[in-house]
Every structure is written in C-alpha cells, then in structure tokens.
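When a ligand or atom number is given, it counts from 1 through the structure's own listing order.
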Amino acid sequence: MRARRQPSLTLRATLAFSVVAMLAVAGAGMYLYETMKGAVMTRSDHAVLARLDHFRKLLQYDLTLTTLQSSPQLFENMLDSEDDIFIIAEPGKPAVIMVNPLHAPLPTMPVVPANMPLSVADMRSGMLDSGVPMRAATVEAVSGGKLVHLTAAHIAVKEMATLAGFRNRILFAVALAFMVTALLGYVLLRRGLRPLRRMASHAAAITPAQLDSRMDNRDTPVELQQLGEAYNAMLDRLADGYQRLTQFSADLAHEIRTPVGSLMGHCQVALRQPRTEDEYQALLASNLEELERISRMVESILFLARADEAQAALSRQTLNLADEMQRVAGYFEGLAEERDIALHTEGDGRIEADPLLLRRALSNLVANAIRYADEGSEIKIRVIESDQRFRIEVENQGPTLDDATLGKLFDRFYRGDASRHQSSDSNGLGLAIVAAIMQLHDGEAAVNQPAPGRICFGLVFPRQPAGRQQQI
Ligand SMILES: Nc1ncnc2c1ncn2[C@@H]1O[C@H](COP(=O)(O)OP(=O)(O)OP(=O)(O)O)[C@@H](O)[C@H]1O
Ligand SMILES: [Mg+2]
C-alpha cells in the first residue's frame, strides 16, 4: 500500500506564517478600533454635556420660558441634525420644547441639581430599536423663578457609520496581510528549499556508472549543508565500496580464467591423438588437482564476501591458546617434516574468539610459513601477552622482502613472484582471509621483519572484545 502523501512543507509553513500575520494584524486592528471607539464616544458625550451646560446658563440669565414657548423653531434651528434630542419641560407638565425627530425612547436618568456641575458619570446609555446606541443626561435649571428640567441626548448614528467603515478597513487589511504573507512566504520558501530539490534530482540521476558525481554545497543554507555533506560522504563510501567490488570481480574473473584456460588446453592436447590409460590417468589427476584449487579459491572468495557483510555470525568461546597452537602444529607436522622444518610453540593465554575462525587464521599462517620458509629451518609459533592484547606470532626464516611488498601481502590475490612460479597451489587469498577474520574479531593482522631473512606474522586480539562487557 502506498503511504499517504503528506502536505508539502512549503504549504504548511506558508499557511502557518500567514495565520500568524493575520492574527497580528487583526490584534493591532482590534486595539486601534477599540481606542478609536472610546475617543469618538467621549467626544460625543462632551458635546451633550456642553450643550446642557450652555442652555442651563442661557435659561438662567437671558432666556425665559415664555420667549421660548413663543418661538420654538429657534431651538430646532440651533440643533444641527436628526441625531440630537433636546427637551425642556417644567416638572410634571408637558414639554415646552421637544426636539426628538426619531421619537427615540429615552433611558431613565438621574436629575442633576441646578447648583451641581455636570459630569460624564451623570450620563446614561440607551439604544434605538435599530441597535444604534444613544447617550443622554438631564439637568435642573432655574429660569425666571421656575424650576425646569433640560434633557439632551445624542444618537451615535454617524459615529457608528464611521466605526463600521473603519472596521471594514481592518478586515480588508487582515485579508490582505494573509494573502501577501502567503504569496511572499510561498515564493521565499520555495527559493530557500531549492537545494533540497537539487539534491533529489541529483540523487535520482546517480547510477553505478556515475558514482563520482557530487553535490555542490556552496550556496546551500547552513541547515541543509549538513545534509548535503552527509549525502556526499555517503556517495564517497558507496563509490569506494563499488570500486572495490568491481576490482574484486575483475580480479576474480582474471584468476579463474587462467586455471580454466589451462585445464581446457590440457584436455585439447590430450584429445588430439589416442593416449594410453596411464596418460589419461595422469591427465585426470592433474586436472583434479587444478579443479581442487579452483574449488578452494571459490570457497575462499565466498568466505571473504560473507565476512565483508556479517559480523553477527561470530560464535565466540573462551579458548586456551596453548591448546590451539598445539592442535595446529600437530596438524601441520607431516608437511613440515617433508621440508625438514621444525615447529616450536611457546606461551599461553585465554581469549574469546570463534574457534573455527581462529584455527583457520592460524592454519593459513602456518601453511604459508611451511611453504615459504627455507628448507631445514625452524618455525616459531608463540603467544605474547600484554595489558591490552594478545599477539599470536608465526615466525619463519625466508626471503627478505622490501616494505612495499610487505604492505601488499594482505591484499586479495596478491602472490609473491616466487610463489607464482613455484606452486600452482597458490591463490593469494590466505592472508586476505586472515585479515578479514581479525577484523571480525576487532583485532588486526600484522607483518614485520625482526631481522633480515626473518619474517613474522602476528594476530593481534584485543583483551576485551570491543562492545562487550566482562561477564560476571
Ligand atoms: N611466511 C611467509 N614467508 C614469506 N613469504 C610469504 C609468507 N607468507 C606469505 N608470503 C607471501 O605472501 C603472498 C600471499 O600469501 P597468501 O597466503 O595470501 O597467498 P598464497 O599463500 O600465495 O595462496 P593461498 O594462501 O591462497 O593458497 C604469498 O604468495 C607469498 O609470496
Ligand atoms: Mg597462503
């Protein structure tokens, strides 16, 4: 089943940015709106209070109720719009002046006594049926010895219209902020993430034949640089592994071709004319020998290929090194005697290792020593113990090798010139297997020449295998 496609990072980040921008603009807009609303309402409150104050003084000193009653239009003209209400009445009597074009219902209000100053606290709020708010107040005044009540109110129609306009602008700004951030964010993010797309197309173009191409990380942002470097390092490792594999298979083809070719040659020559039974037997025997060598080579190659992959297959046991050396020396005694070579073992110790692999590594070294040592010489097999490690050495007397040759001995398929000529038995894989076995054991295989004409191979085991704790 295909995994569900996740929304793109660009889209998610863009949306998140846009929502943040929108919330910020909306917050600022709301704050400004509330401030403006407060200011507008305070201004209208002060206008109402100023009007009341003005008429209270006018009635007290200049105008009389009778003058007013005779010319009510005077008042109506003094008020500028439909939004203002003004009422003058003697308590308990019908109003002398009544300006209320919208017939708006007034809230109940306290009456401010004639000698008291007016303040915003004396005002009350009301509301028209249409939902428009109104602010109103009532004061007492004395005119020509009579007590009159003055009521003034303001309906905030214009203010509300202004505020509604302002609110629409804020909504527009919020929508604009969302869209602009979304657009800009999308463009910028896409640009920022370009190296990722470049990496994807680079990776898509990689084939075994093109493992040497690398990403150019120069203009990559810091965050992606690490990824780019890791990616290039991975390609380095892959290219290296692939190169070794190619080399290995080329070597392998080359190594197999020679013995197979020589087998075919022998058979062709033999078939050219009738042969005696002895001749056929000799041919079959030599072919069998050659086939055994090929079979050993295939087995060794398989072993090396598996050792490259698997560390897990090790089955470690505690081994007594004196016993192991004895066992291998015993096994090779016959071969050594053929060349008049003496085998000596020396030292002891216990290590944790895979017994089959340890025997194989040691056998390869001893087999080499017997094969390449001078006739009639002596081979020493010994254990040298130090704080950190065990070193199993196999030392023999033989040709003096230069440093370059010493460095190549552990390479796969490397054979010294002498061994090429002397023996068709040699594959050049024995020491490569020794090195692979030591690597599996977190140790190493080494070679040195303690004196001219003496060569010493060593298996170095760490005392405590890496990554394993002492068993209690
Ligand atoms: N003890 C030794 N003394 C001198 N030369 C050695 C010794 N051991 C190895 N060599 C040289 O190192 C080469 C590689 O050894 P290695 O064991 O890997 O391959 P081989 O012995 O040639 O073949 P194989 O072990 O696969 O049958 C040998 O061909 C030989 O020239
Ligand atoms: Mg060998």
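A salt bridge does not link Asp374 to Arg454: none of the charged side-chain nitrogens sits closer than 4.0 Å to a carboxylate oxygen. Salt bridge Arg198/Asp216: absent, no basic N to carboxylate O contact under 4.0 Å. Between Asp442 and Arg463, no side-chain nitrogen of the basic residue sits less than 4.0 Å from a carboxylate oxygen of the acidic one, so the salt-bridge criterion is not met.
Inter-residue side-chain proximity for Leu314 and His441 is flagged as met; some heavy-atom pair is nearer than 4.5 Å.
In terms of N/O distances under 3.5 Å, ligand 1 is approached by Leu429. The shortest N or O to N or O distance between Ile455 and ligand 1 is not under 3.5 Å. Distances between N or O atoms of Leu401 and those of ligand 1 include no value under 3.5 Å. Considering backbone and side-chain atoms alike, Gly430 places an N or O below 3.5 Å from some N or O of ligand 1. Taking distance alone, with nitrogen or oxygen atoms compared against 3.5 Å, Arg415 stays at or beyond that limit from ligand 1. In terms of polar-atom proximity, Leu431 is counted as a contact of ligand 1, with an N or O under 3.5 Å from an N or O of the ligand.
The proximity of Asn396 to ligand 1, defined as any non-hydrogen pair under 4.0 Å, is limited to the side chain. When non-hydrogen atoms are compared, ligand 1 lies under 4.0 Å from the backbone of Asn427 as well as from its side chain.
The side-chain tip of Arg391 does not point at the ring of Phe461 from less than 6.0 angstrom away and within 45° of straight on. Geometric assessment of Arg360 against the ring of Phe303 yields a positive cation-pi assignment under the 6.0 Å and 45° thresholds.
Residue contact check for ligand 1: Phe410 places no non-hydrogen atom closer than 4.0 Å to it. At least one heavy atom of Ala369 sits less than 4.0 Å from an atom of ligand 1. Ligand 1 is approached by Leu409 to a heavy-atom distance shorter than 4.0 Å.
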### salt bridge (Lys or Arg N to Asp or Glu O under 4.0 Å) assessment of Arg382 paired with Asp348
CA-CA 8 Å; Arg382 59 175 169 252; Asp348 194 6; over 6 Å; no

#### Entry: Chi angles and distances behind the side-chain contact (heavy atoms from CB on, under 4.5 Å) call for Glu393, Phe457
CA-CA 6 Å; Glu393 286 187 345; Phe457 287 86; over 6 Å; no

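Ring geometry, His202 versus Tyr231: the interplanar angle exceeds 60°, so the pair is classed perpendicular (tilted spans 30 to 60°).
Counting atoms of ligand 1 from 1 in the listed order, those under 4.0 Å from a heavy atom of Tyr414 are 13 (C), 14 (C). Atoms of ligand 1 lying under 4.0 Å from any heavy atom of Phe457, numbered from 1 in the order shown and given with element: 1 (N), 2 (C), 7 (C), 8 (N). In summary, the atoms of ligand 1 found under 4.0 Å from a heavy atom of Ser426, numbered by their order in the structure, are 20 (P), 22 (O), 23 (O), 27 (O). Taking a cut-off of under 4.0 Å to the non-hydrogen atoms of Gly428, the atoms of ligand 1 that pass are 18 (O), 19 (O), 20 (P), 22 (O), 23 (O), 24 (P), 26 (O). Close approach to Arg371 involves these atoms of ligand 1, each under 4.0 Å from a residue heavy atom: 20 (P), 21 (O), 23 (O), 27 (O).
Checked against Arg135 for a salt bridge (charged side-chain N to carboxylate O under 4.0 Å, His left out), the options Asp45, Asp83, Asp122, Asp84 give a single hit: Asp45. The side chain to side chain donor-acceptor pair (under 3.5 Å) test with Thr345 is passed by exactly one of Gln326, Arg327, Glu324: Gln326.
Distances from the Mg ion (ligand 2) show that Ser426 has no N/O/S atom below 2.8 Å.
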